[in-house]
Protein chains: 2
Amino acid sequence: MPVSQAQPRWQRRADARPQELLDAALAEFVERGYAATRLEEVARRAGVAKATLYLYYENKLELFKAVVRHSLVAAFDELAKEQRDAATSARAQLTKLLAAFVHRVAESPLSGLPKLVIAEASNFPDVARFYHDEMIRRGREVFTGVLERGIASGEFRAVDVDHAWRIVIAPLLLSIIWKHSFAAFEAAPLDFERHLDAHLDLLFNGLATDRRKRIRR
Amino acid sequence: MPVSQAQPRWQRRADARPQELLDAALAEFVERGYAATRLEEVARRAGVAKATLYLYYENKLELFKAVVRHSLVAAFDELAKEQRDAATSARAQLTKLLAAFVHRVAESPLSGLPKLVIAEASNFPDVARFYHDEMIRRGREVFTGVLERGIASGEFRAVDVDHAWRIVIAPLLLSIIWKHSFAAFEAAPLDFERHLDAHLDLLFNGLATDRRKRIRR
DNA sequence: CGTATAAATGACTCAATAGTCATTTACTTC
DNA sequence: GAAGTAAATGACTATTGAGTCATTTATACG
């Protein structure tokens, strides 16, 4: 028998709920994996009761699929903000692409998506295929495109682009997977900015000493 | 009422069971993740009843820890078979280390371990810390060691080894994670041998065209 | 201010599976 | 070949969490 209730026990927010539930679910799925994620906990994190979740998503699997679909779209939207200008050099384009990946994806909640999809790939082949066909295929196209242009213009050596595109993204992709797995155990968090610089330096210039310099010494 | 039973219904194999259970469990954990793995299924895969599993491992978590511990040791044993001779060049050493990783780990069931630990890291921080402190720390030491020796001898440029060691292993590590996630959706399986060659070529020589050659043209 | 209804909930059911245990059986040893 | 026992099992219990539903409540609108 509360004499004067200041606040209503809950609010009706039918338009904001779906997004809030997706955000909460992404965080939980990334942290615990699909099977270990409790819908009770997702709801709590979104500030609603478990039954409310079922007003917006049919069941756990549909919620999971919605999270992946939505995050994928959000990731593309973020990357699209970096307009691609074909006028500059291939080197500048490649640098810009990787920097965009770091700033728009690696340092956002979206960074959890690859780890999530990788971990659940064999339990949910259709989700993995969707990610593969939408995200990976497009990523490959963009990167092999830049590499081929650079080779055609004589800016890059004639490397095998089918392998090179994976090698180009691997350090950044792995570093975001790392961030969601071992970050807690490392003395200092990985500095993405410096990591990117180091990668670009190695990528363009290689590890071996330039012979001219060695001869000069 | 079988008139003449040829075979006994089961055999006593107390010394072989633990290993067989670990093998079955690694495969299941890698494929489905910790939570989604059914002990009934692990037992079936190892050719025993579920209750038998409990004769050898206290519970699911202890089985999981045993799998990780045992696989880690096995991975080291495999890599140790490649004796490291400090006499050769840093470049040859680095090549040998990466080749050993491909031949001894990437192309064996052990390749599932990194994905498993990464996926379950936040559910089992103590397992992740164990992997981090044992496997990653040693890996970092070995690779930064070779890089530093190469720099000291003038064979390599003076790159930032704290970042470079990650970049050196990233393509191979990512490719084994890939193998356990998206392999089914790719036209052809990734050729580790050629991938390694492409990586080494890029790593040592870089992407940018050598200026001398460009000037000559 | 009263009413209609969409939004939200708490308390429930039911299925799945981790873990237990009394019983059976393969194998050793004398 | 009989007895003893370690190895293995099938059938069981207990718990957890996905999904349901009757009821409550916020809020829009006349």
Side-chain angles (χ1 to χ4, degrees), chain A residues 1-29 31-67 120 123-124 127, chain B residues 1-29 31-67 120 123-124 127:
Chain A
M1 50 183 92
V3 179
S4 69
Q5 74 274 39
Q7 301 293 341
R9 289 213 274 133
W10 33 262
Q11 291 183 314
R12 311 173 118 204
R13 305 178 56 245
D15 43 352
R17 298 292 190 214
Q19 183 60 54
E20 291 170 357
L21 286 165
L22 287 179
D23 292 346
L26 174 63
E28 288 290 317
F29 281 139
E31 195 166 322
R32 310 195 195 289
Y34 179 84
T37 289
R38 313 290 157 224
L39 294 188
E40 186 86 52
E41 189 59 21
V42 171
R44 200 195 56 74
R45 192 168 186 143
V48 296
K50 186 175 66 162
T52 303
L53 197 160
Y54 283 87
L55 296 178
Y56 297 97
Y57 300 96
E58 204 180 336
N59 54 41
K60 190 177 182 180
L61 184 55
E62 286 307 312
L63 173 64
F64 179 67
K65 288 179 176 175
V67 164
E120 303 297 341
N123 286 328
F124 305 103
V127 172
Chain B
M1 53 184 89
V3 178
S4 71
Q5 73 274 38
Q7 300 294 339
R9 288 213 275 131
W10 34 262
Q11 292 183 311
R12 309 174 122 205
R13 306 179 56 244
D15 43 352
R17 298 293 190 213
Q19 184 60 54
E20 292 170 357
L21 286 165
L22 287 178
D23 291 347
L26 175 63
E28 288 290 317
F29 281 139
E31 195 166 322
R32 308 194 197 291
Y34 178 84
T37 289
R38 312 290 155 223
L39 294 189
E40 186 86 51
E41 190 59 22
V42 171
R44 199 195 56 74
R45 192 167 187 144
V48 297
K50 186 174 65 162
T52 304
L53 197 158
Y54 283 88
L55 296 178
Y56 298 96
Y57 300 96
E58 203 179 337
N59 54 42
K60 190 176 182 181
L61 183 55
E62 286 308 312
L63 173 64
F64 179 66
K65 288 179 177 176
V67 165
E120 303 297 343
N123 285 327
F124 305 103
V127 173

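Side chains included, hydrogens not; waters and symmetry mates left out as well; all remaining heavy atoms used. Just so it is clear: chains get the letters A, B, ... in the order the sequence lines come, proteins before strands, and each one is counted from 1.
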What pairs of residues pass the ring-ring contact (aromatic ring centres under 6.0 Å, His included) test when at least one of them lies in residues 37-64 of chain A, not counting sequence neighbours? A:F29-A:F64, A:Y34-A:F64, A:F64-A:F124
Result for 5'-nearest mapping on DNA chain C, choosing between B:T37 and B:R9, is B:T37
Nearest to the side chain of A:Y56 - C:dT25, C:dT9, C:dA7? C:dA7
For the CD atom of B:E58 and the CG atom of B:L53, what is their distance to the nearest 0.5 Å? 12.5 Å
For a side chain to side chain contact (heavy atoms under 4.5 Å, CB included) check, start with the C-alpha distance between B:L21 and B:V48, then their side-chain angles and the critical distance, and finish with the verdict. CA-CA 9 Å; B:L21 286 165; B:V48 297; 4.0 Å; yes
Is the phosphate of C:dA8 approached by A:Y54 (side-chain N or O, under 4.0 Å from OP1 or OP2)? no
Taking D:dT24, C:dA26, D:dC21 as options, the one with an atom nearest any side-chain atom of A:A51 is D:dC21
Check: B:K60 side chain, C:dG19 base, donor-acceptor under 3.5 Å: no
What contact category does B:L39 fall into here, base, sugar-phosphate, or nothing, at under 4.0 angstrom with non-hydrogen atoms? sugar-phosphate
Ignoring backbone atoms, establish whether B:R17 has a side-chain N or O less than 4.0 Å from OP1 or OP2 of D:dA7. no
At under 4.0 Å between heavy atoms, what does B:A14 touch on the DNA or RNA strands: base, sugar-phosphate, or nothing? sugar-phosphate
Distance check, rounded to the nearest 0.5 Å: A:R38 atom CZ versus A:R44 atom CZ? 14.0 Å
Which listed nucleotide (D:dG10, C:dC27, C:dT25) is nearest to the side chain of B:P8? C:dC27
Counting only side-chain heavy atoms from C-beta out, which of C:dC21, C:dA18, C:dA7 sits nearest to B:R38? C:dA18
Earlier contact from the 5' end, DNA chain D, for A:A36 and A:Q11: A:A36
Start at the 5' end of DNA chain C and walk down; is the nucleotide closest to B:N59 or to A:W10 reached first? A:W10
Once hydrogens and angles are ignored, does a donor-acceptor distance under 3.5 Å link the base of D:dG10 to the side chain of B:K50? no
Taking only N and O in the side chain of B:R13, is any of them less than 4.0 Å away from OP1 or OP2 of C:dC27? no
Please give, in whole Å, the distance from C:dT20 P to B:L55 CG? 12 Å
So, taking the atom named CZ in B:R45 and the one named CG in B:L39, what distance separates them when rounded to the nearest 0.5 Å? 13.5 Å
